[in-house]
Amino acid sequence: MSIFSAMDVTASGLTVQRLRMDVISQNVANVNTTRTESGDPYKRKVILVQEATPSFQEVLQSQMTNQPTTSGVKATAIVEDSRPFVKVYDPGHPDANAEGYVNMPNVNIIEEMTNMISASRAYEANVTVLNGTKGMAMKALEIGK
């Protein structure tokens, strides 16, 4: 594994965690949205993450150098959470039904905060790996002086 492939893997992790934070912030921003363009309450969104498959060039190079292939992660899709909406009794709300209940988004603010802390910690871990890799590269350059 070269230093640059380690940086590529870390960069993919940073990209996915940034996207995850974007989706979480969108969920938190819409925690009280009872009507979207479709007329339904906002549905919580989640990103799907999977291991990135290495390119043909990376596989070929790994076979030629007898080094294992490295791959990062990638976000494959942003999907809506299928959990049901939360019914809240609020007869004065403009979106209340005849019985006085309002369908609220299926966003749990505690769950979103927990996911935000997890994404933040993963982002920090990727930055730490990137800084470590960069430090190793700088030390390697100093050897050549």
Side-chain angles (χ1 to χ4, degrees), residues 1-63 65-97 99-142:
M1 174 187 256
S2 72
I3 287 178
F4 293 115
S5 64
M7 288 182 176
D8 288 341
V9 170
T10 303
S12 70
L14 289 170
T15 302
V16 165
Q17 296 307 322
R18 185 196 52 80
L19 177 63
R20 192 170 162 212
M21 288 290 282
D22 289 346
V23 170
I24 291 169
S25 66
Q26 184 180 2
N27 289 338
V28 170
N30 287 298
V31 72
N32 290 323
T33 303
T34 57
R35 190 181 322 163
T36 59
E37 291 179 2
S38 66
D40 293 331
Y42 175 80
K43 291 183 180 176
R44 178 178 179 260
K45 293 182 176 59
V46 181
I47 67 166
L48 299 179
V49 179
Q50 75 176 31
E51 181 180 8
T53 56
S55 67
F56 176 76
Q57 181 182 2
E58 293 168 342
V59 172
L60 180 64
Q61 185 157 359
S62 72
Q63 293 297 319
T65 59
N66 286 332
Q67 292 183 349
T69 57
T70 57
S71 57
V73 293
K74 66 179 180 180
T76 56
I78 298 175
V79 297
E80 292 181 343
D81 193 349
S82 61
R83 288 185 286 186
F85 296 121
V86 178
K87 289 191 179 280
V88 174
Y89 182 72
D90 187 4
H93 196 280
D95 292 330
N97 62 12
E99 298 164 350
Y101 286 97
V102 179
N103 282 332
M104 298 298 286
N106 56 356
V107 176
N108 182 346
I109 198 74
I110 295 171
E111 182 181 8
E112 297 303 322
M113 296 301 285
T114 304
N115 289 338
M116 184 180 70
I117 290 169
S118 171
S120 176
R121 297 282 186 226
Y123 193 89
E124 288 175 13
N126 279 303
V127 168
T128 301
V129 170
L130 183 63
N131 285 334
T133 306
K134 186 175 71 175
M136 288 172 53
M138 294 304 290
K139 290 292 182 188
L141 288 175
E142 288 177 8

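Positions are given from 1 along the sequence. Everything quoted here is computed from the prediction, not taken from an experiment.
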| query | Under 3.5 Å, side chain of T10 to main-chain N/O of N126, donor-acceptor pair present? | reply | no
| said: Looking at S71 and T53, would you say the former's side chain and the latter's main chain have a donor-acceptor pair under 3.5 Å? | reply: no
Nearest 0.5 Å please: distance from the [atom1] atom of [X] over to the [atom2] atom of [Y].
| X | Y | atom1 | atom2 | value |
| --- | --- | --- | --- | --- |
| I117 | E112 | CD1 | CD | 12.0 Å |
| D95 | D90 | CG | CG | 10.0 Å |
| M113 | S118 | CE | OG | 13.0 Å |
| K45 | D81 | NZ | CG | 10.5 Å |
| T33 | D40 | OG1 | CG | 12.5 Å |
| R44 | I24 | CZ | CD1 | 8.0 Å |

[Y] side chain reached by [X] side chain, heavy atoms, under 4.5 Å:
| X | Y | value |
| --- | --- | --- |
| Y89 | E99 | no |
| L48 | V79 | yes |
| L14 | V127 | yes |
| E124 | S120 | yes |
| L19 | I78 | yes |
| I47 | V16 | yes |

Considering all heavy atoms of both residues, which atom of [X] and which atom of [Y] are nearest to each other, and what is their separation?
| X | Y | answer |
| --- | --- | --- |
| N106 | P84 | CB-O, 3.5 Å |
| V73 | S12 | N-OG, 3.1 Å |
| Q17 | A119 | OE1-CA, 3.4 Å |
| N30 | P105 | O-CG, 3.5 Å |

Enclosure of [X] [atom1] (heavy-atom neighbours >12, cutoff 6.0 Å):
| X | atom1 | value |
| --- | --- | --- |
| E142 | CD | yes |
| Y101 | OH | no |
| Q26 | CD | yes |
| I109 | CD1 | yes |

| field | R83 and E111 ion-paired at < 4.0 Å | value | yes
